[in-house]
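Scroll down for the structure; my scribbles are underneath it.
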Number of protein chains: 2
Amino acid sequence: MNSGIPGAGLPALRDHNAALVLDLLRVATVADGGAGISRQELATRTGLTPQAVSKIVARLAGQGLVAEAGRGASTGGKPRTLLRLVRQARYAVGLHLDRDELTVVLVDLAGEAVTERVTPFDLGAGPGAVLEAVAERVREVTSDVPGAERVLLGAGAAAPGPLDHAAGVLGRVTGFPGWDGFALADALAGRLGLPVTLDKDTNAAALRVPADGPRPASFAYLHVGSGLGAGLVLDGALYRGPRTGAGEFGHQTLEPDGPRCACGRRGCLEALCLAALADGDTARAARLLAVGAANLAALLDIDRVVLGGRAVTPAFRDEVAAALAREAAPGTVRVARECAGARTIAEGAAWLVLAPLFGRRRFGFWRRFLAAVPDDGF
Amino acid sequence: MNSGIPGAGLPALRDHNAALVLDLLRVATVADGGAGISRQELATRTGLTPQAVSKIVARLAGQGLVAEAGRGASTGGKPRTLLRLVRQARYAVGLHLDRDELTVVLVDLAGEAVTERVTPFDLGAGPGAVLEAVAERVREVTSDVPGAERVLLGAGAAAPGPLDHAAGVLGRVTGFPGWDGFALADALAGRLGLPVTLDKDTNAAALRVPADGPRPASFAYLHVGSGLGAGLVLDGALYRGPRTGAGEFGHQTLEPDGPRCACGRRGCLEALCLAALADGDTARAARLLAVGAANLAALLDIDRVVLGGRAVTPAFRDEVAAALAREAAPGTVRVARECAGARTIAEGAAWLVLAPLFGRRRFGFWRRFLAAVPDDGF
DNA sequence: GCACTTTGGCAACAGCGTTGTTTTAGTGGG
DNA sequence: CCCACTAAAACAACGCTGTTGCCAAAGTGC
């Protein structure tokens, strides 16, 4: 079998450019003020000709995704017509299935939450009860959407890892062994009547973290909760790895002769760090986390780290930032000022559904600037 | 500034498909026997229609890159016409500037070495002498190529890191501080009259390592020489990171309270491992390397590791493999049976030049299957 | 009020892969 | 030997993409 990169035709070309335009429109709709963006600016930003942009915008407007939104100031000639995304044109559902809490959000086309439901929850109650609870919450959240069957794109579900994103199957959720091997994506899709994408909570969060400043092309989201995990964004897209298991940040050995971890290895960062937190020794926990983060940053040349999870208070975040400044080479990495909030994961889950629309895509086209690896496999 | 993913037109579409076809032809030309590949098979492998493939092949043949090479057996109808790359149609030069040795190879369009020159070398001799030596070797290696100015695509240069791949500028080469900040790519390009791409030796090796079996989409090349570095191949392309500094595998802290390393951090894998090697304690070195590799594999979900570098003998490779089997979760990672040879880096350097021809590219098109990260930066 | 600038639509166009059809080159039964 | 059949590959027409050239619309500024 070959690399599997498919050949492309005119439809792929059209979709590619439409996605670029849609993403620029989304940013212009969401960013401060949401003034919109003109065709001219879309043209310069994409490198397409103004005429091509006009055609693309006309197509998108025909689908109801884009609308005119006033005009800009003149710069000596005809003033620019501003365009915006029609936020109500599509919606996506985001689910965060935590161990004891279920968060369900409805997100509009621009990627912002419209409705939110947070309810207590027992992941140990078994598939039947869990599916029922989720379906009920989703029904509540989507009941106000007119023409839901037409505008609801699907649902994204975030769950504790490890899990198989491609197959939509859960793995060994610590403390809840009954879910191992359960095909949650298919089960939810059947129950909700929607396409469902499943991913790790850390990956969902990485899609939505409020890093301060423009979001870098590569960064790491570090989650400190009942475990220690990471969501890796590399070159502008989530990196999941061959078995969609990437991000096992907590199970790096920091003390080769340390205590045995539940994962089988020794001196795992997760075990050491969580033990320190349990002891109330946040300084030690922060330092351990900083060492792990510095290792990751050095390996991946990452210059930004975002923290999140229940254990991460602003104070702890500051401790980690200070420790990281000591552990890493000066000026190479910094911790984002904001940390991920409670809703981040659920909103990120919805982004699993929206992302293809605004899609930087998996293969092809512009990778010419990277060195591709010769693919000698058959 | 936006993500910078450019819009695509018909030429980009054409180049994308041509690159896919060229890559399949390259594999068929190089793989055992080099029998070639038919238009039909190209069509099924790319997903393009046979007619599209015929047109693409005709274009490529017009440029002299492809030629017919016999016919296959009939399967009941007209037998398939086999096609092969014309290996002499283009060439690339690969340079490995090591501390005490210069390797120069000439590589044909199929990516295989045609000529090789290994000469003693003193990286400390300064730019003038080094450029002169390189230019002379390149002249020797390319003198037999007819119409060199037409068929020589360029030169790739591999040097010890860290360095700035994008700018083509060297960094602090341990032991040779005089090169810090030297714009080697530009200097070489001027001297050779060829486009020059500069990259770390580890990255070059990763482009060309003889991993046993089909090359996986994601793997790590670990280099053990005068330092400890890694070349990361993620999702089928080299991962270099925002500042093209990724792969600092040796500077992960394995002992938070260990000895201070030259890099400023404590208990670095590189310092510990090289010290063990210097002591002749290969078992300890192998175990440390295995711990680092297991950390990397867990974080990136990588299932294959390739070893190379002067310190890596087959025996040491086996020691690391055994240690890794103990350190990592069972069945998750293995060490390739072969380790990278002496020519690997120089050939990989030439691949820096060839890769765009067969190019999976940086952005666009098929990334829709990955979750793109919302790009809110302006 | 007129010259000038900029936006953006209209129309013709070139180039891409696709579709429908025909030609070419084999196989195999009678 | 002939003829029906099959598969590969070229030929021709086509639809759709972004591009180019041109012009109308809508402002600014002297």
Side-chain angles (χ1 to χ4, degrees), chain A residues 5-22 25 35-63 66-83 364-366, chain B residues 5-22 24-25 28 35-63 66-83 364-366:
Chain A
I5 301 178
L10 265 3
L13 185 68
R14 166 171 40 72
D15 290 350
H16 169 78
N17 290 332
L20 291 182
V21 168
L22 267 180
L25 283 161
I37 187 172
S38 68
R39 291 175 177 82
Q40 294 297 320
E41 202 171 347
L42 288 171
T44 54
R45 294 273 268 270
T46 56
L48 296 168
T49 60
Q51 189 54 29
V53 170
S54 280
K55 286 188 182 179
I56 291 166
V57 166
R59 274 200 304 264
L60 294 173
Q63 299 170 55
V66 174
E68 301 198 343
R71 32 189 49 191
S74 165
T75 57
K78 176 173 175 176
R80 304 181 164 188
T81 310
L82 296 176
L83 303 165
F365 265 60
W366 300 113
Chain B
I5 300 178
L10 266 3
L13 184 69
R14 167 172 40 74
D15 291 349
H16 169 78
N17 289 332
L20 292 182
V21 169
L22 267 181
L24 289 169
L25 283 162
I37 187 172
S38 69
R39 292 175 177 82
Q40 292 297 321
E41 202 171 347
L42 289 170
T44 54
R45 295 271 269 271
T46 57
L48 296 168
T49 60
Q51 188 54 30
V53 171
S54 280
K55 286 189 181 179
I56 291 166
V57 166
R59 274 200 304 265
L60 295 174
Q63 299 170 54
V66 174
E68 302 199 342
R71 30 191 51 190
S74 166
T75 57
K78 175 173 176 176
R80 304 180 165 190
T81 310
L82 297 176
L83 304 164
F365 266 59
W366 300 111

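Every heavy atom of this structure was used, including side-chain atoms; hydrogens, water molecules and symmetry mates were not. Proteins come first, then strands; the chains are lettered A, B, ... in the order of their sequence lines, and each starts at number 1.
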Value in whole Å for how far the [atom2] atom of [N] lies from [atom1] of [X]:
X	N	atom1	atom2	value
A/H16	C/dC16	NE2	C1'	16 Å
B/L13	C/dG15	CG	C1'	10 Å
A/Q51	C/dA12	CD	P	14 Å
B/L60	C/dG17	CG	P	11 Å
B/L82	C/dG26	CG	P	13 Å
B/R39	C/dA25	CZ	C1'	14 Å
A/L42	C/dT7	CG	C1'	13 Å
B/R14	C/dA14	CZ	P	16 Å

Which nucleotide in the list [options] gets nearest to the side chain of [X]?
X	options	value
A/L10	C/dG17, C/dC16, C/dT7	C/dC16
B/P79	C/dG9, C/dT7, C/dA25	C/dA25
B/K78	C/dT19, C/dG8, C/dT24	C/dT24

Over all heavy atoms of both residues, which pair between [X] and [Y] is shortest? Give the atoms and the distance, please.
X	Y	answer
A/A43	A/T49	CB-C, 4.1 Å
B/L42	B/T46	O-OG1, 2.8 Å
B/H16	A/P6	NE2-O, 3.2 Å
B/G72	B/P79	O-CB, 3.2 Å

Handout entry: Side chains of B/R71 and B/L82 in contact at under 4.5 Å (non-hydrogen atoms)
Key = no
Exercise for the section: For side chain to side chain contact (heavy atoms under 4.5 Å, CB included), just list the numbers for B/L10 and B/R14, CA-CA rounded to whole Å, side-chain angles, deciding distance to a tenth of an Å, and then say yes or no. Expected result: CA-CA 6 Å; B/L10 266 3; B/R14 167 172 40 74; over 6 Å; no
Exercise for the section: Have a look at A/S38 and say if it touches a base, only the backbone sugar-phosphate, or nothing, with a 4.0 Å heavy-atom cut-off. Expected result: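 If one applies the 4.0 Å heavy-atom cut-off, A/S38 turns out to touch nothing in the nucleic acid.
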Practice task
Name the nucleic acid region contacted by B/P50, choosing base, sugar-phosphate or nothing; use a 4.0 angstrom heavy-atom cut-off, strictly under.
Solution key: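 Since no nucleic acid heavy atom lies under 4.0 Å of B/P50, the category is nothing.
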Are OP1 or OP2 of [N] and a side-chain N or O of [X] less than 4.0 angstrom apart?
X	N	result
A/Q40	C/dT7	yes
B/N17	C/dG17	yes
A/T81	C/dT7	no

Handout entry: Terminal contacting nucleotides, 5' and 3', DNA chain D versus chain B (heavy atom, 4.0 Å)
Key = D/dT6 to D/dG18
Handout entry: Side chain A/N17, main chain A/I56, donor-acceptor under 3.5 Å
Key =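 No; zero donor-acceptor contacts below 3.5 Å.
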